[in-house]
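Structure, as structure tokens:
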Amino acid sequence: MKPGKIICIGWNYRSHLSETDAVLPDEPVVFLKPSSCLIGNNGSIIATDVGAIHHEIELALIFGKDCKNSTEEDALSYVSHAAVFNDITAREIQNKARSAGNPWCIAKGMDTFGPMSDPVSIDSVKDVHDLDLELSVNGIVKQKGNTSMMIFSIGKLIAYVSKFMTIEKGDIMATGTPEGVGPLVKGDTVVAKIPGVGELRNRVI
Ligand code: MG
């Protein structure tokens, strides 16, 4: 099923703040990617004439039922699956938008900018707040982190977002990326892994 929306969280790991000149948010930073950007494992990331594109490994959660006004405590009961997500970003376009105070939809929402692994049942994931994340480009590790290092817990994120918008069945939430984001160029193979959740391999063409 195609999700209605992909809810993304910006700057949810302290280590990613400094490398993008961002300050510690006092509330989650929320933006959307369109479902038209989704591709699967082994799909190709296509970026032509958009300047530098960056990888961002993230834990994705898929919702099994509509969620509105959830509490932090019951937030996870709305989640049916987890997956590995790569929040591909046209960084130069995003930075230009940021510095002008404009939205960055285009920078995040281009076709193929939402690679996601095959979802696994959330019941098979032992602890969503203790998952290792590792991303490599052409076999060289670029990003490493653990979901225990999130600034806002998953419960907080879901409660916060669902206060303002209904998270619908099938929607995806990408929960932010740790440090080490960096460029991808044509010919690169990017592999994002979250042991216990999945592996996502994509080539840039
Ligand atoms: Mg991101």
Side-chain angles (χ1 to χ4, degrees), residues 3 5-25 27-39 43 45 47 50-62 82-99 102-117 119 128-129 131-137 142-154 156-158 160-161 165 167 171-184 188 190-194 197-198 200 202 204:
K5 56 186 173 293
I6 304 166
I7 300 157
C8 296
I9 307 300
W11 300 295
N12 201 26
Y13 290 81
R14 266 164 227 277
S15 53
H16 177 53
L17 289 170
S18 53
E19 68 180 358
T20 50
D21 293 321
V23 292
L24 188 66
E27 289 178 326
V29 175
V30 181
F31 62 94
L32 300 177
K33 282 169 93 102
S35 57
S36 49
C37 75
L38 281 172
I39 59 170
I45 299 165
V50 298
I53 64 162
H54 279 191
H55 52 75
E56 296 188 358
I57 184 175
E58 310 200 4
L59 171 67
L61 304 170
I62 296 115
V84 185
F85 192 80
N86 195 345
D87 175 20
I88 302 291
T89 305
R91 192 69 75 198
E92 289 167 32
I93 294 175
Q94 185 197 27
N95 286 343
K96 197 172 157 196
R98 273 179 76 195
S99 58
N102 289 331
W104 59 58
C105 290
I106 294 294
K108 291 279 191 178
M110 294 184 205
D111 290 349
T112 75
F113 276 22
M116 190 171 82
S117 67
V128 289
H129 288 114
L131 293 170
D132 289 323
L133 306 106
E134 185 184 288
L135 180 142
S136 62
V137 180
K142 300 287 186 181
Q143 288 191 270
K144 245 177 168 344
N146 184 284
T147 55
S148 63
M149 290 146 65
M150 286 183 184
I151 295 169
F152 300 104
S153 69
I154 286 163
K156 279 208 171 72
L157 294 176
I158 294 172
Y160 180 81
V161 172
M165 62 177 90
I167 307 174
D171 283 355
I172 297 166
M173 177 182 278
T175 55
T177 197
E179 68 185 319
V181 301
L184 292 170
D188 282 349
V190 56
V191 178
K193 281 185 214 174
I194 303 179
V197 174
L200 174 64
N202 300 98
V204 183

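Counting starts at 1 for both ligands and their atoms, following the listed order.
The Mg ion (ligand 1) sits nearest to atom OE2 when only the N, O or S atoms of Glu58 are considered. The name of the N, O or S atom in Glu56 nearest to the Mg ion (ligand 1) is OE1. The Mg ion (ligand 1) is closest to atom OD2 of Asp87 (considering only N, O or S atoms).
Contact between Cys37 and Gly109 at its shortest, heavy atoms only, is CB-O, 3.9 Å.
The environment of NZ in Lys5 is crowded: more than 12 heavy-atom neighbours from other residues, nucleotides or ligands sit within 6.0 Å.
The distance from the CZ atom of Phe113 to the OG1 atom of Thr89 is 8.0 Å, given to the nearest 0.5 Å. For the atom pair CG of Asn86 and CG of Leu184, the computed distance is 7.0 Å after rounding to the nearest 0.5 Å.
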